[in-house]
Structure formats: C-alpha cells, structure tokens
Amino acid sequence: MQSDDVSDLLLYFVSWGLCGVTLPLKSRVFSLLASCRSGSDVSGVPFATKTQGFCRNEYNLTGLCNRSSCPLANSQYATIKEEKGQCYLYMKVIERAAFPRRLWERVRLSKNYEKALEQIDENLIYWPRFIRHKCKQRFTKITQYLIRIRKLTLKRQKKLVPLSKKVERREKRREEKALIAAQLDNAIEKELLERLKQDTYGDIYNFPIHAFDKALEQQDAESDSSDAEEKDDEDDEDTGKREFVEDEEVDESDISDFEDMDKLEVSSDDDQDDKSSCEEEKAFNSKHKGKAPLKGSLQRKRAYVEIEYEQETEHVAKAKTT
Amino acid sequence: MAKAGDKSGGSGKKGLKRKAPTEEPQEAAVAEDETTESGAQPPKATAFPPGFSISEIKNKQRRHLMFMRWKQQQRKEKLAAKKKLKKEREALGDKAPPKPIPKTIDNQRVHDETVVDPNDEEVAYDEATDEFSSYFNRQTSPKILITTCDRPHGRTVRLCEQLSTVIPNAHVYYRRGLALKKIIPQCISRDFTDLMVINEDRKVPNGLILSHLPNGPTAHFKMSSVRLRKEIKRRGKDPTEHIPEIILNNFTTRLGHSVGRMFASLFPHNPEFVGRQVATFHNQRDYIFFRFHRYIFKSEKKVGIQELGPRFTLKLRSLQKGTFDSKYGEYEWVHK
C-alpha cells in the first residue's frame, strides 16, 4: 500500500476514526523522502548536496528530492522515460493505487518533437501545471541528448585499449636484451665497410690500396703457380736451342716515370718474343710476371707499385634493399 | 618423524658450524645432543628417505635453510668443475679443443619457414607487382606527411620536428581533431606518398602508424625508448639537408620484407654520399631499432660513427592491407 498523503489520510480515518489521535503524517512523509534519498549501497550518507537532496527513484521527474517531485509521496504523478531512443510518458493515478502491477500507464510519444509535446498536453490535461511543465522540460532535455548521441557516433570514437602490466614489463625486458644482442654500432660499421669494399661509394674515398694489394696478392699466387709449371716446360723444350737475347741495360737515373718503365718492359717483352723460339703462348700477365724477378731488385730500390690494367666491373646499384 | 629424520640428515650433511647460528631455540636443545654424535661420525651423504625433496618441508624457515645449503653446495660443485676444466685446457695447451660457442636465442632459434630465399621467384614476382613497385621502379618519389594524435604534448611535437629533419621531403602538420579517414583522401590529392601518425599517451609518444598512401599497407607499431636529440650523449651536430643512406638489417622473413620495403620507400632513391649520413633500421628479435648516424671512414678498415638525430625502437603490432581502417580493414598480420 502506497503511503502518500491521500492514502495516509484514508488510513487515518479508517483505522483511528475520529478518536482524536493524530498520526504523525509529516514524519511519515519525511521518512519516505529519507528512504528515497538514502540508497542501499551507502548507509547513513545521504545522496545530497548541502541544500538539495537527489532522488534515486527511477520514476522521478526532476531528480531532486522534494515533496512535490517524489513519485512515492504523490498519488498522481507523471514522468518521461527514454528507452533505446524511444520516449514514453508514464502516468500514475490514485485509482490504480491498489494494483501495483498496473500502476504506471505508459504512452509512447511520437518522434516528432511538436507532436510529442501535443501528446503530453493531451494526456496530462487537467493535471497540475507543475507536472505538465516539468514533463515537457524533461522531454526536451531527452530529445536534445539523443540528438547529441547520434551526432557523436558519426565522429571519431577513441578506443581505450588496456595495457597489461605483465606484458609491458616483459616486452620492456626483452627489448633491453635485444638491444644488447643487436650490437648496433658494430653492425652499422660492418655494413658501411662492406659497402665501401663493394665500391658503392665510387670515387669519393681514396682507399684503393687495400683493394689493389689484395688483387696483387691474388695475382701473385696465380702467377707463381702457373710460373712453376711453365718453367718446367721451358726447361724441357729449351735445352739445346740457341737464342739471341738482348742485353738488359736499365739505368735507374734515366727512368723517371712509371710509364717509361712500362714501355721498357713492354718493349723488352716484344724483343724477347721475337727472338725467343719458344712457341708456347704465354698469357700477358704471366709474361709480365715472369719479368718481375728480374726487375725485382729495381723494384725494391724504389717505391713502385705495379699497375695492372684490368677490365672494370659494372658498378653495383647504389640503393640497396634487403 | 619426518622432521627428526630430516634434522639428522641435515646435520649429517653439513658440519656442526652450520647449525649453530641458524637454529631456533627449540631445536637448539635437540641439536646439542645430535652434534655430539655427528662430531664423532664423519659427515656422510644425505640420509633423506627416497623421493623426498626440499620443497616438501612444511616449515618455511627450515625449508629456506635447506634450500640455501643445497644452493651453496651446487655453487661449490660448479666452481670446482670449472676449475678442473680450466686446468685441463691449460695442460693441453695448443691441442685443447676450441671453446664451445655459448647458446644464444639467436643461435637456438627454430628455423622459420617464412624466411625469404634471395632467389625466390615468387617473392620477386610479388615484389614487382606490389604497392611499392612504383617506388622501386623510380616512378614516384616519396613525400611524407607527419602528424600526431589529438592535442600532442611537447615531446611528441619535438619528435615530429626532428623526424622531419631526418626524413627528406617530410612535412609536419598539426592535427586538429580530424579523422584519419578524412585526412587520407586529402593527402592523396596532394600527392603525398606516406602518412606517419605518432600516437601519444601521457605526454610520451608510444605508437606509430605508417600508411603508404595511394592504397598501400598500413603498419601499426608500438614505439618505445624514444630519445630526442638533446638526450643523446656524445652526439654530433644537427643533420644536414643531404639525403641519407639506409641500412636495413635482418628483415629476413616475408613479413620482414614487406615492412623493410615500407621503410625503404620513405627515403628518396639517390642517397648523397657526400653527406655521410645513414639511417639504420635494425631488426633484432622483432624489435626494430632506428638510429641516425654520421659516419667517416678513417681508413679502409676503420669507420667512425657519430649519432645524430632521434632514436627509438618499434615493435610491429599489426599490418593491414589497405589504408587506415581499423574496423573494416583486412589485416595481413596481427600480433597476438
């Protein structure tokens, strides 16, 4: 049984008659209001500010805890409630006070704002103007926030992703270990030196000595092995043959240029070729190298790098990708 | 019963001294009785009942004590073994077998079948026809747009500026609450080839979205250990306008290939070697370390490098096929 002002009066008259006992009506109502205000979760702490209490009842029209806006304290009451974008007008009258199941009458309001306002007016005709006014106000507010929701969903929505502390800690540690394992400086230096060796930098850097030395060593190795073979052959073939060999007069003082040395070598080579009856064709390089021991003493006396002419290999593409 | 047995075993295992400082007053009385006995006997091997492990002792202090003792013994044995090995090596001298190679994660890795073989035709064909082919055929040159998430703080803004000096032809734009999906068509119409968005959390940059523009893949990375220029020790002067070289290390798998190409397509083709600057993306155990250095060749076998520029590490979170679309995008790879 709802204990509001009318039913309280009824109760008063029914139970006590007119025996003059005054029921503490006001205290009853205040206890009602208090019960609205204090929620079940926090005992003793009112859901209120210093001047104003808030009502937790879902059917409350204004949200404040007052005598006039408490749905429990008033036998005739109306609210606007919104469910999934649809607005409904809920009404409660004294006639249905005995039937809790059918207590609240629900009317669906139209989606058109003006039509809905008319509907409210028509349903709440002859009702106290406070409730009518507050219903319309509440309805306006609800439509406004529904419009805002629709607008916001079209815009970007930030998704908050929770970070797992354990995972974060683990990844951080793994990153540190990976950094140590990577040995970045060494890797970068190695890569740069590789690129230098493979001649991607072209002519910018003048460090050809290393490359040439290597090539020289390679050539030496080849020629020594081939020289050994040919010397054996030569010995076998040349026994008994007569040759007229040019005298090798090479003055150091006369020689000033590398080019001259080369020419001299080449010319002496040619002479040798003409005069020698050795029919075996020797590769130019090995012939050249064959001269080396003879010229070796000369070579050692001055800093002389033997220049070989090799075919240039094609440049590797400069932009490298793995 | 177990406790008594355990105690006797314990005292048998170690000498008398161990017991004295660590015993509780209760056990002290009992211990005194036992120490006289064990003093007479030589210490023998542990007399635990079979199937008994230290973890079954209920008393925490006692359990801890036994564990410590066991640990110390293990350490002693290990040290003794090491010394013995060392002696043997010295005794053998030159004939000693070579030192065993220590096992590292990188050594022990299970062979990944997606590692790309350099001669793989299928991969070569794929790469000739994918979204980066136009870059690698020199048809397009990169133009990068760098932006942040909403309301960036100082660190992020400065990182964006520094990145724009590192990557040639990069422009920084302030994001004013615009949706990425709306930015992308505008970028495409202005001929941008790549979009970089640096995400921020609590005033620190923590994410990077790299999207190749016409319709290319979008990679989302987690960014960590960001160091701005002023925080780098022993750094060189600011980078010049020369186009840097790129080094991409260890991008071996198929996924690594696509990510590597993505990074490569950020930089123009013609690195200016005069500038002597190099940007490195080094992949180690799925962490991509970015560094920017200036190098100088001191001789043909020695090079000196000096770090300029910001540094950070990236970890790939997801690779999506089209441009940025988190809801309806087709994800090629997602980090689980």
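On a predicted model such as this, the values are computed, not experimentally measured, just so you know. Computed over heavy atoms, backbone and side chain alike; hydrogens, waters and symmetry mates excluded. Note on naming: letters A, B, ... go to the chains in the order of the sequence lines (proteins, then strands), and numbering restarts at 1 for each one.
- Applying the salt bridge (Lys or Arg N to Asp or Glu O under 4.0 Å) rule to A:Arg138 yields no partners; only residues at least two apart in sequence or on another chain are considered.
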Would A:Asp185 and B:His293 satisfy side-chain contact (heavy atoms from CB on, under 4.5 Å), going step by step from the backbone distance to the final call?
CA-CA 10 Å; A:Asp185 289 343; B:His293 291 278; 4.2 Å; yes
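- Annotation: B:Glu121, atom CD; neighbour count of heavy atoms from other residues, nucleotides and ligands within 6.0 Å does not exceed 12.
- Interatomic distance, B:Ile305 CD1 to A:Asn186 CG, rounded to the nearest 0.5 Å: 8.5 Å.
- Separating the NZ atom in A:Lys172 from the OG atom in B:Ser225 is a distance of 8.5 Å, to the nearest 0.5 Å.
- Proximity to chain A involves both the backbone and the side chain of B:Phe297, based on heavy atoms less than 4.5 angstrom apart.
- Around atom CZ of A:Arg148, no more than 12 heavy atoms belonging to other residues, nucleotides or ligands sit under 6.0 Å away.
- More than 12 heavy atoms of other residues, nucleotides or ligands shown are found within 6.0 angstrom of CD on B:Glu231.
- Annotation: maximal heavy-atom pairing with chain A below 4.5 Å, among B:Lys302, B:Glu245, B:Glu307, occurs at B:Glu245.
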Show your reasoning for whether side-chain contact (heavy atoms from CB on, under 4.5 Å) applies to A:Arg195 and B:Ile247.
CA-CA 10 Å; A:Arg195 290 191 182 178; B:Ile247 293 181; 3.8 Å; yes
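- The side chain to side chain donor-acceptor pair (under 3.5 Å) analysis of residues 154-171 of chain A, with sequence neighbours excluded, yields the pairs A:Arg156-B:Asp150, A:Glu171-B:Lys222.
- Interface remark: A:Leu184 contributes side-chain atoms only to the contact with chain B (heavy atom separation under 4.5 Å).
- Here the CD atom belonging to A:Glu191 is positioned 9.0 Å from the CG atom belonging to B:Leu248, to the nearest 0.5 angstrom.
- Expressed to the nearest 0.5 Å, how far NZ of B:Lys301 lies from CG of A:Leu196 amounts to 12.0 Å.
- With a threshold of 4.5 angstrom between heavy atoms, B:Leu178 approaches chain A through N, CA, C or O but not through any side-chain atom.
- Expressed to the nearest 0.5 Å, how far CD of B:Gln284 lies from NZ of A:Lys177 amounts to 13.5 Å.
- The minimum heavy-atom distance between B:Arg285 and A:Ala181, with the atom names listed, is NH2-CB, 3.3 Å.
- Taking a 6.0 Å sphere around CD1 of B:Ile101, one finds it holds 12 or fewer heavy atoms contributed by other residues, nucleotides or ligands.
- Side-chain contact between A:Leu179 and B:Tyr287 is absent, with no heavy atoms from C-beta onward closer than 4.5 Å.
- Residue B:Arg276 touches chain A through its side chain alone, counting heavy-atom pairs closer than 4.5 Å.
- The pair A:Glu175-B:Lys315 fails the salt-bridge criterion, with no side-chain N (NZ, NE, NH1 or NH2) lying under 4.0 Å from an Asp/Glu carboxylate O.
- There is no contact between B:Asn283 and chain A, counting heavy-atom distances below 4.5 Å.
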